[in-house]
Amino acid sequence: MHEHTPPAADEAPTKGGKLPQAGKAAGTGAGEGREKSGRGATRVPVGKVRAASVAGVAAGVLILAGGGALVAGGSLMAAPESSRTVPAAEAAVPAGASLGVCPGPARLLEGTDAGTDAQFRPESATAATRVSAAVLSAGGVLPGSRLARLDGTAGVDISKDPGPAPTAAAPQELLAGVAADRAVDQVSVLTANAVANQNASAAGAMKYTARDGDLQGSAAATCGQPSNDQWLAGAGTTVGRTSVLALTNASSTPATVSLELFGAGGQVQAPGSRGLLVAPGTTRSVVLAGLAPNEASLTVHVRSAGGPVAASIQQSVLRGLTPGGVDFITPGTAPSVRQVMTGVDIQDPAGTAALTAQPGYKDAGPALELTVPGASDAVVEIKLYGRDGQHALPSGGVITAKAGSTTEVSLAGVPAGQYTVAASSDVSFVAAARMGRGLQPGQPLDVAWAPSAVRLGSQHVVPVPKGGLRQLVFGALDARATITYAPITADGKVRAGATADIAGGTTASITIPEQADGADVVGYVVSASGDAAYGAVLVGQDGRNDISTLAFLAAAAGQETVPVTLGY
């Protein structure tokens, strides 16, 4: 900021203050504002006007006489102090409560009218939905945290509101508050309060399982953080595919939601996709086939005005009378020139080729879905990193994704294993990867979508559903990365961590044990250093064709600041 005039004699001097940067645990300060006194008109007695005029003439003569000296010496004079550039002060943004909205159980659709609002009937008799959550301490104390229904009922306190924070000299052991494997029958909300003006590190995950019925299989989802802008890729509305978008408003402010839909033929102009009102404390379900029918690859851009919403898509497949899988599609990262999906599990390529050749099974194989929301086509380079390094895509690995539409890239022919899929372009795009489990047509199969992931940083809270086969999957792209992962157990302890050194261009998986030091493992604290690394949790069931994946949430931000420009 440049100031052009020095302060007047009756003005207070200006002071500038800069607040602590993000992540510092110091108390908040405040930049001092600028004060300016007003000037009023002074009345001069009439008798003194003539004397003032004479004095003015004399002053004019002096000014004319010294004008030359002033001009000659002007270039030698120092610039006034007020012309210096003053950096903008930064104001601290108060930390608020952290929210995680967990989708409710998967349910079958009842007959619906021509509109877009869904009606449901109960799921199968063996279906079960459970939520696990973990909250980390900050400064040696646990934040007040709670897991409850959306309407606030049937809640359980994970940890009470803390008392005074310990002194800096006191030991600050990392502790955890845990809600392990709790049965739920509707949308639930994880709430964690801020501590010492720091956002809480908290995360939750839900897991749905069923051994019979049309929705048999496994589906898992991370309890999503509400947002005003999010992207969900992987929906389908062709025959036998049901996609139901759930919009949950956990705030106290009404939300008005607008949807942008992108299909293989371009953006879908759907009446009824704008101005969807979601009242506070409610969930609105939208049957996507009512807005964009017969779309094999559909990406949904959810934008809300007013309150933020949590969005997820319940996706299920029925191939004739055979269940084809159930999944919850969760938001991935925003459009970017590089997108990464990890924990992509690919089955035997020969068996997959035989299965997808059967009528109605084309979408049972692995694939990558790309969506380009802009007006320019994207030339996308795709790389797959497995346990032993990079694997070539049979199609060559470079494709053109059309502007304003979705493009499906088959991953058929890739050797069996777990992979990290990296896609890059000079045009921003959205991506997600599909995987399946089961190779016998006529038998129940399952499907899962891996959304684009966030780059790993420091102290991610990773909840792990109880039961089944569970794996931590990590991928490093260009150079070596070091991953530290410490188990969180049901007794609220963060156990000693282990370290995985992952070579660049590879993917590593770690089997999650049932217990650590005699207590059930309900989550992990994960940190990464070195080159870019990504992670996911892969969940299955022993002896069944069940598969689901959980994306890592971004690590909790430290104290945030915003620049404040002072001026006239």
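Keep in mind the model is a prediction, meaning the values are calculated, not measured.
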### Message
Checking side-chain contact (heavy atoms from CB on, under 4.5 Å) between Leu393 and each of Leu368, Leu411, Val398, Ile399, which is the one that passes?
### Response
Leu411

### Query
What pairs with His301 under ring pair (Phe, Tyr, Trp, His ring centres under 6.0 Å), at least two apart in sequence or on another chain?
Trp231

Just list the side-chain donor-acceptor pairs under 3.5 Å for residues 317-341, sequence neighbours left out, or say none.
residue : atom : partner : partner atom : Å
Arg319  : NE   : Gly360  : O            : 2.9
Arg319  : NH1  : Gly324  : O            : 3.4
Arg319  : NH2  : Asp363  : OD1          : 2.7
Asp327  : OD2  : Trp449  : N            : 2.9
Thr333  : OG1  : Gln339  : OE1          : 2.6
Thr333  : OG1  : Ser452  : OG           : 2.9
Ser336  : OG   : Arg338  : N            : 3.4
Ser336  : OG   : Arg338  : O            : 3.4
Gln339  : OE1  : Ser452  : OG           : 3.4
Gln339  : NE2  : Ala334  : O            : 2.9
Gln339  : NE2  : Phe429  : O            : 2.8

### side-chain contact (heavy atoms from CB on, under 4.5 Å) partner of Thr299, chosen from Leu232, Thr371, Val372
Thr371

### Task
Could you note down all residue pairs passing salt bridge (Lys or Arg N to Asp or Glu O under 4.0 Å) where residues 415-429 supplies at least one of them, sequence neighbours left out?
none

Can you give the donor-acceptor pairs under 3.5 Å from side chains of residues 531-543 to other protein atoms, not counting sequence neighbours?
residue : atom : partner : partner atom : Å
Asp531  : OD2  : Asp478  : N            : 3.3
Asp531  : OD2  : Ala479  : N            : 3.1

### Message
Just to verify, what does Gln230 make a side-chain hydrogen bond (donor to acceptor under 3.5 Å, both in side chains) with, not counting sequence neighbours?
### Response
none

### Summary
For His391, the side-chain hydrogen bond (donor to acceptor under 3.5 Å, both in side chains) test, sequence neighbours excluded, returns Asp388

### Message
Under the disulfide bond (SG atoms under 2.5 Å apart) definition, can you give me all pairs with a residue in residues 209-248, not counting sequence neighbours?
### Response
Cys102-Cys223

### Message
Can you give me the closest heavy-atom contact between Gly492 and Val178, atom names plus distance?
### Response
CA-CG2, 4.2 Å

### Query
Does Arg387 CZ have over 12 foreign heavy atoms under 6.0 Å away?
no

Side chains of residues 522-530: which donor-acceptor pairs under 3.5 Å do they make with residues two or more places apart or in other chains?
residue : atom : partner : partner atom : Å
Ser527  : OG   : Gln459  : N            : 2.8

#### Entry: Minimal non-hydrogen separation, Tyr385 against Thr506, with atom names
CB-N, 4.0 Å

### Query
With sequence neighbours excluded, what pairs up with Asp491 under the side-chain hydrogen bond (donor to acceptor under 3.5 Å, both in side chains) test?
Thr489, Arg495

### Message
Applying side-chain contact (heavy atoms from CB on, under 4.5 Å), can you list everything that pairs with Ala508, at least two apart in sequence or on another chain?
### Response
Ile502

#### Entry: Inter- and intrachain pairs under side-chain hydrogen bond (donor to acceptor under 3.5 Å, both in side chains), touching residues 427-441, at least two apart
Asp345-Arg437, Glu408-Arg434

### Task
Could you tell me which residues satisfy side-chain hydrogen bond (donor to acceptor under 3.5 Å, both in side chains) with Thr248, sequence neighbours excluded, listed by chain and number?
Thr283

### Message
For the CD atom of Gln390 and the CG atom of Leu384, what is their distance to the nearest 0.5 Å?
### Response
8.0 Å

